[in-house]
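Atoms within each ligand, like the ligands themselves, are counted from 1 in listed order.
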Amino acid sequence: HISGLTLQSFLVFFTVFFMACFVLKRSENLPPYPAGRVPVLGHLLALGRAPHLKLTAWRRQYGDVFTVRMGMEDAVVLNGYTAVKDALVDRSELFASRPPNYMFDAVFGNQKDIGSARWGTEFKQRKRFALTALKNLGMKVGPGSIEEKIREEASCLRNRMTEYEEEPFDVSNDITVAVANVICSMTFGKRYDYGDETFRELGKAIASVMAEIGAGQIFSAFPVLRFVPGINRTCKEVFKQNSKIHRVVWDEITSHRENLDRENPRDFLDFCLLEVEQQGKVEGLTEENVMYMATDLFLGGTDTTTNTLLWSLLYMTLHPDIQNKVQEELDAVVGDSLPALSHRSQLPYVNACLLEVMRIRPVGPFTIPHATTETVKVREYDIPKGTKVLPNLYSLHMDPAYWPDPDRFDPGRFLDAEGNVINKPESFMPFSGGRRVCLGEQLARMELFLFFSTLLQSFTFRTPEGAPPPTTDGVLGLTLAPQPFKLCAILR
Ligand code: HEM
């Protein structure tokens, strides 16, 4: 009887509390809410399983700027090129922070990395340092360069796909492994064999953190759920898998510290550990920061690149004519040699295909949530400092004013009348922009080009005989992924 009473009071308390939160007038002059907001959940039900589609549809109804309520949180959504470019690029610093996020903050040691760090000196110094380190690594040429490491990995991936002997297979496992290995090469200076136990554990842990951390947003929307036994299992699982990633990275940090080559930093960890020793550009950088920054590379660089490559193969199977054009261009320019970055400028159609893939299915359709660093005016609204902001990149890429018939896959959009790739097209920001632009953009572009070219040079990708074509509807977790699909890799 007593526990029944306690439960009853608990329910009454929370119902009253949530109703109060719902009816309380907001003190700020935030943009309006779209219809469909209900007590407690806010717009969560209305947003459904494909929020990128819903928010883009709402733009047509409510304009470029509106507010959505997700549980206990409000987020200002920016839509379309004008509003998003204004915030992310033209007034970048005013929108360059991150809102508190329970899971992210826990996974990254309370902002000890780059991606989750709030706007400020520490973030700026770490990001500048990491960009320079990646650039220096990327500029190396010849054996041991990033380009060579990706080419080696692309060639392993090709061999792996040959083993399926043209039978249907789920391509996502092998691509994830290849992409994670590139991050290993760059961060730790070594790649792993596909069967290596540590590597498989690492891969599983990354996949699991990425899968659960998206669902974990619910713990920011409803903080009380963190304490509800059973429901908070997600948190515990993420923390467990995250500590596995940390263990692998710590082991590498230890062995790098013992063999540090001060004259010739070989990989990202070497660059970071030298900086920890010298304290030159990043004040107070610790090995713990290094561990979290390396975790950023794994979590930021694996799912994104993998899913973009998966989308590219999916669209090739749906458009054999386009696949054929890609292969003709590769045959004419690359022939039988292993594709290299030096071929890139001579392959406009290949480049245009990859750009079109990133337009039609941007894997980070809302960026990582931003937060305002000051009170800012957007249109007629005053958005207070610290407000969560979601730039809807999907709305830019699907805007018929810039991209006629936006649902049609057409690489030709990215070519000018002479057949050259259009430089910096408007309403296109797959890597976001401004101060929070993707740290790995250059690396990702290299990987996409080298993996895609190597695979298309060697295979024709087809839907298995008798199977329905794969759907282009994505699944939105932390990234926008295709639904699992199988294909056949037919040797050319
Ligand atoms: C951030 C896209 C690959 C590391 C981001 C953001 C997007 C993005 C949209 C959010 C930016 C914002 O919040 O405004 C992509 C795409 C990729 C890719 C489409 C591949 C096709 C990579 C790779 C790495 C990486 C390979 C690592 C080497 C990061 C990091 C951030 C980030 C650390 C946080 C940056 C910050 O907070 O300042 N990426 N990314 N990404 N990305 Fe990527």
Side-chain angles (χ1 to χ4, degrees), residues 52 78 84-85 87-89 92-93 95-99 101 104 107-108 111-120 122-131 133-135 137-138 146 149-150 153 175-176 178-188 206 210 267-268 292-312 354-355 357-371 388-394 396-397 428-452 478-481:
H52 56 302
L78 302 176
V84 170
K85 180 173 167 286
L88 293 190
V89 182
S92 193
E93 297 195 355
F95 292 85
S97 202
R98 299 285 187 212
N101 180 310
F104 269 55
V107 163
F108 294 107
Q111 309 178 48
K112 293 202 177 74
D113 67 327
I114 295 170
S116 78
R118 313 297 189 262
W119 176 245
E122 290 186 345
F123 161 77
K124 283 190 261 183
Q125 290 187 347
R126 274 179 227 152
K127 183 152 186 186
R128 196 174 311 131
F129 168 77
L131 277 170
L134 294 186
K135 193 166 155 212
L137 285 165
I146 296 288
K149 288 173 173 171
I150 305 173
E153 208 53 56
I175 292 194
T176 306
V179 168
N181 237 341
V182 171
I183 305 282
C184 286
S185 296
M186 193 185 64
T187 313
F188 303 155
I206 295 171
M210 290 300 285
D267 49 45
F268 187 71
Y292 285 109
M293 285 157 68
T295 308
D296 262 356
L297 303 188
F298 279 101
L299 295 182
T302 310
D303 251 30
T304 44
T305 316
T306 298
N307 284 326
T308 307
L309 283 168
L310 289 177
W311 282 120
S312 73
L354 288 169
L355 295 173
V357 168
M358 289 196 277
R359 180 194 71 80
I360 203 161
R361 289 295 177 264
V363 291
F366 302 124
T367 74
I368 300 169
H370 284 237
K388 181 170 177 174
V389 175
L390 294 178
N392 180 2
L393 301 181
Y394 189 76
L396 272 68
H397 294 190
F428 180 66
M429 296 174 79
F431 295 96
S432 186
R435 293 296 204 151
R436 286 288 181 170
V437 70
C438 172
L439 179 72
E441 174 172 355
Q442 300 317 324
L443 175 72
R445 286 182 188 271
M446 276 193 225
E447 288 187 76
L448 294 177
F449 171 75
L450 291 171
F451 279 124
F452 182 73
L478 210 55
T479 54
L480 182 61

message: One thing to verify: whether Glu441 and Arg445 come together as a salt bridge, which I'm taking to mean a side-chain N less than 4.0 angstrom from a carboxylate O.
response: yes
Nearest neighbour in protein (non-hydrogen) for atom 11 (C) of ligand 1: Arg436 O, 3.1 Å
- request: To the nearest 0.5 Å, tell me how far Leu480 CG sits from Arg361 CZ.
  value: 6.5 Å
message: Quick check for you: to the nearest 0.5 Å, what is the distance between Thr187 atom OG1 and Leu297 atom CG?
response: 4.5 Å
- prompt: Less than 4.5 Å apart, any side-chain heavy atom of Leu299 and any of Met210?
  reply: yes
task: Under the ring pair (Phe, Tyr, Trp, His ring centres under 6.0 Å) rule, collect the residues that match up with Tyr394, sequence neighbours excluded.
output: His52
Closest protein heavy atom (residue, atom, distance) for atom 2 (C) of ligand 1: Pro430 O, 3.7 Å
- prompt: Which ligand 1 atoms, with their elements, are less than 4.0 angstrom from a heavy-atom of His370?
  reply: 12 (C), 13 (O), 14 (O)
field: Val363 neighbourhood, listing ligand 1 atoms whose heavy-atom distance to it stays under 4.0 Å
entry: 19 (C)
Side-chain donor/acceptor of Arg98 to backbone N/O of Pro369, under 3.5 Å: yes
message: Below a 4.0 angstrom heavy-atom separation, can you tell me which part of Ile368, side chain or backbone, both or neither, approaches ligand 1?
response: both
task: May I ask you to list the atoms of ligand 1 that are less than 4.0 angstrom from any heavy atom of Phe123?
output: 38 (O)
message: Just to check, does Met358 reach to within less than 4.0 Å of ligand 1 when the distance is taken from its heavy atoms?
response: no
message: Nearest 0.5 Å, please: how far is CZ in Phe366 from CG in Leu393?
response: 9.0 Å
query: Tell me, do Leu443 and Leu134 make a side-chain contact under 4.5 Å, heavy atoms counted?
result: no
- prompt: What atoms of ligand 1 come closer than 4.0 angstrom to any heavy atom of Gly115?
  reply: 34 (C), 37 (O)
task: Taking Trp311 for its side chain and Val363 for its backbone only, find out whether a donor-acceptor pair lies under 3.5 Å.
output: no
Which residue and heavy atom of the protein sit nearest atom 28 (C) of ligand 1, plus the separation: Leu443 CD2, 3.7 Å
field: CD (Glu122) with more than 12 external heavy atoms under 6.0 Å
entry: no
query: Is a side-chain donor or acceptor of Gln111 paired with a backbone partner of Arg118 at a separation under 3.5 angstrom?
result: yes
query: atom 38 (O) of ligand 1: which protein heavy atom is closest, and how many Å away?
result: Lys127 NZ, 2.7 Å
message: Heavy-atom distances under 4.0 Å decide this one: backbone, side chain, both or neither, for Arg98 against ligand 1?
response: side chain
query: For ligand 1, which atoms, with element, lie under 4.0 Å from some heavy atom of Thr308?
result: 21 (C)
- request: Answer whether the closest heavy-atom distance between the side chains of Arg435 and Phe95 falls below 4.5 Å.
  value: no
field: Sphere of radius 2.8 Å around atom 43 (Fe) of ligand 1 - protein N, O or S atoms inside
entry: Cys438 SG
